[in-house]
Amino acid sequence: MRLAGQEEYGALAEVLVRGYEGIRFEEVHREALPFLPSAGARVLDIGAGSGRDAAALVARGFRVVAVEPADGLRELARHLHPEPGIEWIEGALPDIAGVQGQFSFVLLSAVWMHLDEGQRETAMVRLSELVTPGGSLVMTLRHGPVSPGRGMFDVPAQETVELAHARGLAVVHRSHHGDRMGRTGISWDALVFRAVG
């Protein structure tokens, strides 16, 4: 399954990597930090981009499966972050068929907005299967103007909360903030869900 805008991300890989690596994991995901599991847990980073988040999670003692659909981004990330604790997989939602098992923490940073309505419904089913009972699913939703070729949808946070609730994922954190890379007109929702089933 190829996502809308995937080719654009591959073509702009070097430019995107510079931007992603210019801001620390702890700054981008400050809302998620209280929900990280104990060291040694299995973590899934879907849409891993430059590998910044996967590398930061490995440094915190987690075993990370990093999924990235754009070949150019994935190869640059693998070179930039060769940590042995990262397992790189080519794949994308809604199915990410190459990912096996369950994870205590699943991160979707700037991914959900690339899925259309039908894909979001299918993807939430898959995500609910990937999170261990008591585990956390962290998502960020982008709002604002879209560059041509990026293939994005402005997804309401409430729609995402309702989809998650229907699959046994309860929202435990919800906040809205400006763009942490300083881009004008762009804002984000941060959502954290706990698997209750």
Side-chain angles (χ1 to χ4, degrees), residues 16-70 73-93 95-112 123-142 160-161 164-165 167-175 177 180-181 188-197:
L16 293 170
V17 164
R18 281 195 298 275
Y20 297 157
E21 293 292 320
I23 183 167
R24 296 173 56 242
F25 168 84
E26 291 79 9
E27 176 66 17
V28 176
H29 299 298
R30 66 178 74 151
E31 294 87 357
L33 297 178
F35 302 96
L36 287 171
S38 300
R42 224 170 151 233
V43 170
L44 178 62
D45 182 5
I46 300 173
S50 71
R52 174 201 63 206
D53 298 343
L57 290 163
V58 164
R60 288 172 172 265
F62 302 114
R63 295 171 292 133
V64 179
V65 174
V67 179
E68 174 53 52
L73 267 178
R74 193 177 56 259
E75 290 311 309
L76 278 173
R78 197 188 305 253
H79 176 73
L80 191 60
H81 297 290
E83 289 85 345
I86 304 174
E87 176 188 354
W88 286 95
I89 294 179
E90 177 185 1
L93 285 171
D95 57 350
I96 49 173
V99 175
Q100 304 297 321
Q102 290 188 308
F103 300 83
S104 299
F105 186 87
V106 176
L107 176 64
L108 282 87
S109 179
V111 171
W112 199 244
M124 192 62 79
V125 173
R126 179 67 172 127
L127 291 170
S128 70
E129 297 167 348
L130 290 168
V131 183
T132 60
S136 298
L137 166 65
V138 175
M139 303 172 70
T140 59
L141 310 179
R142 181 189 189 278
T160 308
V161 168
H165 179 75
R167 299 305 308 172
L169 297 165
V171 66
V172 292
H173 173 87
R174 180 176 177 174
S175 60
H177 59 80
R180 291 182 175 148
M181 291 174 68
W188 297 84
D189 284 308
L191 301 172
V192 182
F193 302 97
R194 179 70 40 82
V196 297

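Small disclaimer: the values here were computed from a predicted structure and weren't measured.
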Asker: Could you check whether any side-chain heavy atom of Asp95 comes within less than 4.5 Å of a side-chain heavy atom of Arg126, counting everything from C-beta outward?
Answerer: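 They are not in side-chain contact.
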Asker: Would you indicate whether His177, at its atom NE2, is surrounded by more than 12 heavy atoms from other residues, nucleotides or ligands within a distance under 6.0 Å?
Answerer: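 Correct, the count exceeds 12.
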Asker: Measuring from Met124:CE to Thr160:OG1, what's the distance to the nearest 0.5 Å?
Answerer: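 Reported value, rounded in 0.5 Å steps: 6.0 Å.
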Asker: How many angstroms lie between atom CZ of Phe105 and atom CG of Leu137, to the nearest 0.5 angstrom?
Answerer: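 CG of Leu137 is found 9.0 Å from CZ of Phe105.
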Asker: Taking all non-hydrogen atoms of both residues, which atom of Ala77 and which atom of Trp88 are closest, and how far apart?
Answerer: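 Heavy-atom minimum between the residues: CB-CH2, 3.4 Å.
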Asker: Using modelled atom types and a 3.5 Å cut-off, is there a donor and acceptor pairing between side-chain atoms of Glu68 and backbone atoms of Gly49?
Answerer: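 Yes.
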Asker: Would Leu127 and Phe103 count as a side-chain contact (heavy atoms from CB on, under 4.5 Å) if you check the C-alpha gap in whole Å, the side-chain angles of each, and the deciding distance to 0.1 Å?
Answerer: CA-CA 10 Å; Leu127 291 170; Phe103 300 83; over 6 Å; no
Asker: Quick one: closest heavy-atom pair of Val67 and Gly91, and the distance?
Answerer: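 Looks like CG1-O, 3.2 Å.
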Asker: Looking only at non-hydrogen atoms, find the nearest pair between His29 and Asp53 and report the distance.
Answerer: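 Heavy atoms of His29 and Asp53 come nearest at NE2-OD2, 2.9 Å.
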Asker: Do the non-hydrogen side-chain atoms of Thr140 and Val28 ever get within less than 4.5 Å of each other?
Answerer: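 Contact flag for Thr140/Val28 side chains = no.
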Asker: Determine yes or no for a side-chain-to-main-chain donor-acceptor pair under 3.5 angstrom, with Arg42 supplying the side chain and Val64 the backbone.
Answerer: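 Answer holds: no.
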Asker: With the threshold set at 4.0 Å, does a side-chain nitrogen-carboxylate oxygen contact exist between Arg180 and Glu31?
Answerer: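 Yes.
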Asker: Tell me, do Ser104 and Phe62 make a side-chain contact under 4.5 Å, heavy atoms counted?
Answerer: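 Ser104 does not reach Phe62 side chain to side chain.
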Asker: When you measure from the side chain of Gln100 to the backbone of Ala97, do you find a donor-acceptor pair of N or O atoms at a distance under 3.5 Å?
Answerer: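 Flag set: sc Gln100 to bb Ala97 pair under 3.5 Å.
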Asker: Would you compute the distance between atom CG of Asp189 and atom CH2 of Trp112 and round it to the nearest 0.5 angstrom?
Answerer: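 Taking CG in Asp189 and CH2 in Trp112, the distance rounds to 14.0 Å.
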Asker: For the residue pair Ile89 and Ile96, establish whether any side-chain heavy-atom pair is separated by less than 4.5 Å.
Answerer: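 No. Closest side-chain heavy atoms not under 4.5 Å.
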Asker: Going by heavy atoms in the side chains, are Val99 and Ile46 under 4.5 Å from each other?
Answerer: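 Side-chain contact under 4.5 Å: no.
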Asker: Show your reasoning for whether side-chain contact (heavy atoms from CB on, under 4.5 Å) applies to Leu191 and Leu141.
Answerer: CA-CA 8 Å; Leu191 301 172; Leu141 310 179; 3.8 Å; yes
Asker: Is a side-chain donor or acceptor of Arg194 paired with a backbone partner of Ser136 at a separation under 3.5 angstrom?
Answerer: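 Here the side-chain-to-backbone pair does not exist.
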Asker: Provide the closest heavy-atom pair for Val161 versus Phe193 in the form atom of the first, atom of the second, distance.
Answerer: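 Val161 and Phe193 have their closest heavy atoms at CA-CE2, 4.0 Å.
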Asker: Gln102 pairs by side chain to side chain contact (heavy atoms under 4.5 Å, CB included) with which of Thr132, Val131, Leu130?
Answerer: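 Answer to the side chain to side chain contact (heavy atoms under 4.5 Å, CB included) test with Gln102 among Thr132, Val131, Leu130: Thr132.
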Asker: Closest heavy-atom contact between Ala66 and Ile86?
Answerer: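 Residues Ala66 and Ile86, closest heavy atoms: CB-CG2, 3.8 Å.
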Asker: In Å, rounded to the nearest 0.5 Å, how long is the span from CZ of Arg30 to CZ of Arg24?
Answerer: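 Arg30 CZ to Arg24 CZ: 10.5 Å, rounded to 0.5 Å.
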Asker: Measure the NE2-CG distance between His81 and Leu76 for me, rounded to the nearest 0.5 Å.
Answerer: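 Answer for the NE2-CG pair, His81 versus Leu76, is 10.5 Å.
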Asker: Shortest non-hydrogen contact from Ala55 to Glu83?
Answerer: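 Smallest interatomic distance, heavy atoms only, reads CB-OE2, 3.7 Å.
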